[in-house]
Q: 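Starting off with a structure, shown below.
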Amino acid sequence: MMNFKNDFLFLSFIVLVLIGIMVRISGDYGISRDEPDYYFVGERDFHFILSGNPKLLEYYEGSYPFEVQDHPHFRTRHFMHQPAPLAYMLSAASCNLFYRGLGWFTPLEAHRLVSKVLVLALIAGMFYVTKSLWGRKAAALSVLFLIFFPRFFGEIFMNTKDIPNVVFFSLSLMAFWKGVETRRADWIIFSSLFFGFALATKINAFFIPAVLLAWLFLGFGIRGTAVSSLIVGGLCMFGLLGVKALFWFGKDWPVRLNRGVVTFGEMMEKRLYPFVDHLMGKEFFLLLTLFGSVFLTGLFLLGRKSRFTSVRGEMSKRKAFYVALFLFPLIGAFTLFALYPLLWFDSFHRFLVYLYIYFYSARGTVDLPTGQSVIGSFPPWDGLRYLLLASPLPALFFAFLGLFVAGRSREANKRKFGLLISLWFAIPVARASLPVMFNEGLRHFLEFVPPMAILAGVGAAQGMEWLLKKARVNIKTVRTGLWTLFSGILYLPILISMIRLHPYEYLYFNSLTGGLKGAQARNDLHYASDYWGLSYKEGIEWLNLHAASDAVVVAPLYDHLFKLYPLRQDLQLIGNVRYKQEIGSIQSLFRMAKKSPVYVVYVTRRENYKSPRYSPELFEYFEKAPPFYAVVREGTPLLKIFKM
């Protein structure tokens with residue numbers, strides 16, 4: 001085993017190289033569709049923490065209550081809700097420190113710094129945990145699989161929420177494993193804090209207990225089965241009763257949204273998953289019976305004298321550890337409350353809105369070619385399909401090999417950790433594969449990427465060692481050369497693809513679809529396009545250089561992003577609202593072009609233009625007509641500019 005000093009130097013080298021790359025390419029990324037809203041939320045919450053001014057939390061009315069002219073990268077907006085705010089507050093704190101305070105970065109770069117720093121912490125945690133079990137080579141390959149996961153890498157540079165959520169989610173699970181393996185309370189407390197951080201970032205963190213309970217239930221023998229049966233059965237049984245009570249008594253609970261006051265029951269009737277309607281009926285009692293049986297099984301197993309005495313004796317030796325386990329959900333809940341300012345006022349109803357937003361956003365909306373908008377109409381197994389089509393093929397292959405290696409290991413700690421990362425990998429993918437889930441490619445379930453990277457690193461390292469052993473290669477220099485060649489074969493093709501796509505790595509598709517061009521040629525992949533709107537940066541730069549004087553620029557989609565770039569002063573912008581109200585057809589655009597030059601900026605997100613809000617001939621024209629200019633990657637356009 002390598003000593004700590006060498007490991008530290010090796011990890012420091014990887015981190016420093018990654019920091020250098022981040023500094024070099026950060027300015028290449030445009031502003032994403034949702035970032036301005038997130039900055040708005042973060043600035044208000046952060047300044048509320050500093051000042052205690054309650055007007056900052058009035059998301060439903062009122063203007064921004066302090067001077068913001070020095071910050072061009074956000075917009076004031078009336079919110080239906082306030083999303084979990086931790087990542088946004090950290091982003092605002094970073095902007096206030098590194099832009100307003102020290103002046104080291106632009107506002108946009110300062111906001112985006114948080115995700116980059118957190119990813120470096122994730123890399124360190126992954127390296128430490130993987131190396132402790134499978135050695136330095138597996139750890140290094142795991143880190144590289146994470147970095148060379150194109151969609152994850154691309155999101156680091158402009159995703160304010162999902163990347164911090166992945167980091168907190170991952171650190172919570174790894175710290176919990178470390179606590180259980182060492183029976184140390186401090187690791188469990190760290191895990192519970194990261195659980196709370198994840199809850200305060202995104203509601204996906206509710207799946208952390210699902211992963212941990214499944215792991216405890218499956219991984220610890222009859223005694224562990226008894227304890228975890230009690231935990232799983234008891235929590236699920238009382239949880240189901242709580243859900244039922246929520247619907248029984250919650251019909252008259254008023255919840256304030258920006259469109260007025262509605263009841264919790266009304267919100268849920270419109271937005272909750274379709275299968276929950278069945279859950280509230282006869283199937284509810286079937287499930288309650290099932291989980292009650294699990295609960296009673298746990299009581300029976302623990303009730304046997306020898307088993308109970310053994311558990312009691314173990315608990316007496318490790319009181320602090322078991323107390324920390326008991327406090328895990330309480331610490332997580334308290335951390336959520338402490339980091340969510342709106343919960344400090346009218347906590348119960350605000351928490352209902354917090355839950356409602358998940359059910360609201362999870363279902364999504366698809367605009368069909370017929371002009372009909374359908375909620376929750378994503379195809380079954382959509383998450384699994386995107387996993388297979390948008391993940392690098394070497395990562396997929398070696399991850400499944402890593403599953404086999406971990407499962408067949410003779411060492412108990414490796415098998416247990418292998419089980420944990422398998423569940424950590426599988427549960428987010430299974431959740432995202434439900435037919436009503438709204439995934440935006442991989443963005444809404446990126447929690448699977450770190451465990452997949454660990455499994456791929458383990459599989460690749462163990463597979464290579466097996467080949468070298470079979471070939472009886474024992475000369476150190478030859479082994480080093482073969483390892484270098486192997487690493488090049490693994491990562492060089494992915495690196496080339498990332499360079500070709502840059503700065504749109506989040507649009508990566510593997511060769512099973514024929515890359516991005518093949519994915520766009522299909523009709524069943526909703527996010528094979530620039531759904532974030534980052535290509536506006538290149539489009540506006542082109543307009544500033546080449547557009548005719550006093551021209552009209554029409555932006556049918558995401559026009560708010562235009563206001564965040566320095567558009568040439570003589571160019572007049574017509575945004576999507578005015579466009580839909582006053583223009584709406586090809587003929588109107590051509591009539592307008594007789595008076596002054598007209599440029600239409602068309603982001604190739606087909607689903608939006610198939611909405612009834614846009615005329616069908618407009619969509620057909622923009623799809624078929626040759627553009628005056630296009631932002632192209634891998635032979636397919638992400639943004640088109642038409643001169644009418």
Side-chain angles (χ1 to χ4, degrees), residues 38 41-42 44-50 52 56-57 81-94 114-115 117-119 121-122 124-125 160-180 184-213 215-216 231 235 238-239 242 320-358 420 424 427-428 446-447 450:
Y38 296 155
V41 170
R44 295 191 79 138
D45 278 338
F46 176 70
H47 283 86
F48 168 76
I49 297 293
L50 294 181
L56 288 164
L57 299 181
H81 67 286
Q82 185 218 15
L86 177 58
Y88 314 141
M89 286 194 292
L90 292 174
S91 175
S94 175
V114 172
S115 292
V117 173
L118 288 175
V119 164
L122 173 61
T160 313
K161 174 178 60 177
D162 294 298
I163 294 299
N165 168 65
V166 170
V167 175
F168 296 140
F169 196 103
S170 304
L171 293 179
S172 177
L173 293 177
M174 289 189 290
F176 193 91
W177 170 81
K178 187 69 177 175
V180 170
R184 284 177 51 180
D186 53 352
W187 283 110
I188 301 299
I189 292 172
F190 287 141
S191 175
S192 59
L193 287 171
F194 284 123
F195 171 49
F197 294 161
L199 281 175
T201 301
K202 194 172 183 180
I203 202 169
N204 290 23
F206 275 115
F207 287 89
I208 291 175
V211 174
L212 293 177
L213 289 171
W215 180 57
L216 292 172
I231 296 172
L235 286 178
F238 291 114
F321 170 71
Y322 284 100
V323 169
L325 279 178
F326 176 78
L327 292 176
F328 180 92
L330 300 178
I331 294 173
F334 177 79
T335 305
L336 168 65
F337 180 83
L339 297 173
Y340 203 150
L342 272 183
L343 291 182
W344 304 354
F345 310 94
D346 198 15
S347 304
F348 183 67
H349 287 169
R350 293 296 182 191
F351 185 70
L352 293 181
V353 175
Y354 173 72
L355 295 176
Y356 162 69
I357 294 308
Y358 177 73
L420 175 63
W424 175 9
I427 288 177
L446 283 172
E447 300 91 354

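Keep in mind it's a predicted model, so treat the numbers as computed, not measured.
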Q: Do Pro341 and Ile49 come close enough that some side-chain heavy atom pair is under 4.5 Å?
A: yes

Q: For atom CZ of Phe190, is the number of surrounding heavy atoms from other residues, nucleotides or ligands below 6.0 Å larger than 12?
A: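 12 or below, so no.
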
Q: For Ser115, which residues count as a side chain to side chain contact (heavy atoms under 4.5 Å, CB included) partner, sequence neighbours excluded?
A: Ile163, Pro164

Q: Does the side chain of Pro450 come within less than 4.5 Å of Val166's, by heavy atoms?
A: yes

Q: Check whether any side-chain heavy atom of Trp215 lies under 4.5 Å from a side-chain heavy atom of Val180, and answer yes or no.
A: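 A side-chain contact exists here, since the closest heavy-atom pair is under 4.5 Å.
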
Q: With Lys178, which residues qualify under side chain to side chain contact (heavy atoms under 4.5 Å, CB included), at least two apart?
A: Tyr128, Thr182, Trp187

Q: Which distance, rounded to the nearest 0.5 Å, do you find between the CG of Asn165 and the CG of Leu446?
A: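 So the gap between those two atoms works out to 8.5 Å.
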
Q: I'd like to know if the side chain of Thr335 and the backbone of Ile331 have a donor-acceptor N/O pair within less than 3.5 Å.
A: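 Side chain of Thr335 to backbone of Ile331, a donor-acceptor pair under 3.5 Å: yes, one is there.
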
Q: For the pair Phe328 and Phe195, name the ring-plane relationship: parallel under 30°, tilted 30 to 60°, perpendicular over 60°.
A: parallel

Q: In Å and rounded to the nearest 0.5 Å, what is the CH2 to CG distance from Trp177 to Leu212?
A: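 Atom-to-atom, Trp177:CH2 and Leu212:CG are 13.5 Å apart.
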
Q: From Leu86 CG over to Tyr340 OH, what is the distance, rounded to the nearest 0.5 angstrom?
A: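 Going from CG on Leu86 over to OH on Tyr340, the span is 11.5 Å.
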
Q: Measuring from Asn204:CG to Leu199:CG, what's the distance to the nearest 0.5 Å?
A: 10.0 Å

Q: Which atoms form the tightest heavy-atom contact between Thr160 and Ala87, and what is the distance?
A: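 Nearest pair, atom of Thr160 first, then Ala87: O-CB, 3.3 Å.
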
Q: How far does CG of Leu325 sit from CD1 of Ile189, to the nearest 0.5 angstrom?
A: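 One gets 10.0 Å once the value is rounded to the nearest 0.5 Å.
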
Q: Between Trp424 and Glu447 (side chain of the first, backbone of the second, donor and acceptor by atom type, cut-off under 3.5 Å), is there such a pair?
A: yes

Q: Between the main-chain N or O of Leu173 and the side-chain N or O of Ser191, is there a donor-acceptor pair closer than 3.5 Å?
A: no

Q: With rounding to the nearest 0.5 angstrom, report the CH2 to CG distance, Trp344 to Leu339.
A: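 Output value for this atom pair is 8.5 Å.
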
Q: Between Ala205 and Pro209, which heavy-atom pair has the shortest distance, and what is it?
A: O-CD, 3.5 Å

Q: When the ring planes of Phe194 and Phe168 are compared, do they come out parallel, tilted or perpendicular, using 30° and 60° as the limits?
A: parallel

